Amino acid sequence: MITLEQCLFWDQEDELKHLRNEFSLPEGVIYLDGNSLGARPKKALSYADHVIRQQWGEDLINSWNKADWWGLPTRLGNKLGQLIGANPDETVVSDSTTLNLFKVLSAAVKIQAEQHPERKLIVAEKESFPTDIYIIEGFIDLINQGYRIELIDGVTGLDQTLSTDVAVVVLSHVNYRTGYLYDMAEINQKIHTNNALVIWDLCHSVGAVPMALNETNSDFAIGCTYKYLNGGPGSPAFLWVNPKHLQKFWQPLSGWWGHQKPFDMAQHYEPANN
Ligand SMILES: *Cc1c(COP(=O)(O)O)cnc(C)c1O
């Protein structure tokens, strides 16, 4: 049994303990739900006030340029990239984790369909966060090209399932229920040896444990910013693509924000090349 004394001692020894001061929590609350909604940084209040009063209230439409609202997805992406082992210009912040999974799954399946059209299996874990499974099922249904989902049990399940049928594997770096942490490098190598691609869901690891997406040769990653990154309710998710896939990456949700010249208001979609 862990005792209260031990916990207090570990608190004293914790080299990050000074950061407790940066966060606001109600008096007397011991908050252990940062995996669901991170606590509020004290600075968030004055920053939100500035954005609403000044950037929105006073500067209005000028804030797209003056406050660089326009550049926020990549500006924040580059900041966040430092936590996940990404190089500049590989990460964007936008949409929800659910939508971002749809986007990277579409791209991964499209890349595989060109190189290995016989591979029709998308692998995920039985213990996946449910939205990941829902999106894979919905995607398979939508494209109607004979893809199947197979749900596995951890590393043993992966070893048993990896075969010439597997196109894409979707894994949570840290499992939201069990806390299991995958060895990213080892798993990536296993999956690539089998000629499949990997999508990492980082929701429960980003901001909590170190990771190196490029160094471990990952393919795609997604994650949210309102858990261990303390972005607040509604803060958008992120998406990372290994630069080796950029030329083949394809945006299935072809909206005007992904257009080469959004303000030309052109009639047809032309994907941005950056
Ligand atoms: C929290 C969480 C999500 C949440 O997805 P949203 O689209 O932000 O609601 C997805 N996957 C995992 C593993 C999560 O822990």
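Counting starts at 1 for both ligands and their atoms, in listed order. Fair warning: this is a prediction, and the values are worked out from it, not measured in the lab.
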Checklist line | Residues that K126 engages under salt bridge (charged side-chain N to carboxylate O under 4.0 Å, His left out), provided they are two or more places apart | finding: D153
Check: Given F249, which of N242, I111, V104 fulfils the side-chain contact (heavy atoms from CB on, under 4.5 Å) condition?
Finding: V104
Item checked: The single option from K42, K43, R40 passing side chain to side chain donor-acceptor pair (under 3.5 Å) against S24 -> R40
Check: Got a sec, which residues hit salt bridge (charged side-chain N to carboxylate O under 4.0 Å, His left out) with D183, two or more places apart in sequence or on another chain?
Finding: none
Next item on the list: Under the side chain to side chain donor-acceptor pair (under 3.5 Å) rule, collect the residues that match up with K190, sequence neighbours excluded.
Entry: D159
Item checked: Those protein residues which place at least one heavy atom below 4.0 Å from ligand 1 -> S96, T97, T98, F129, T131, D132, S172, D201, C203, H204, Y226, K227
Checklist line | Heavy-atom side-chain contact between L8 and L4 under 4.5 Å | finding: yes
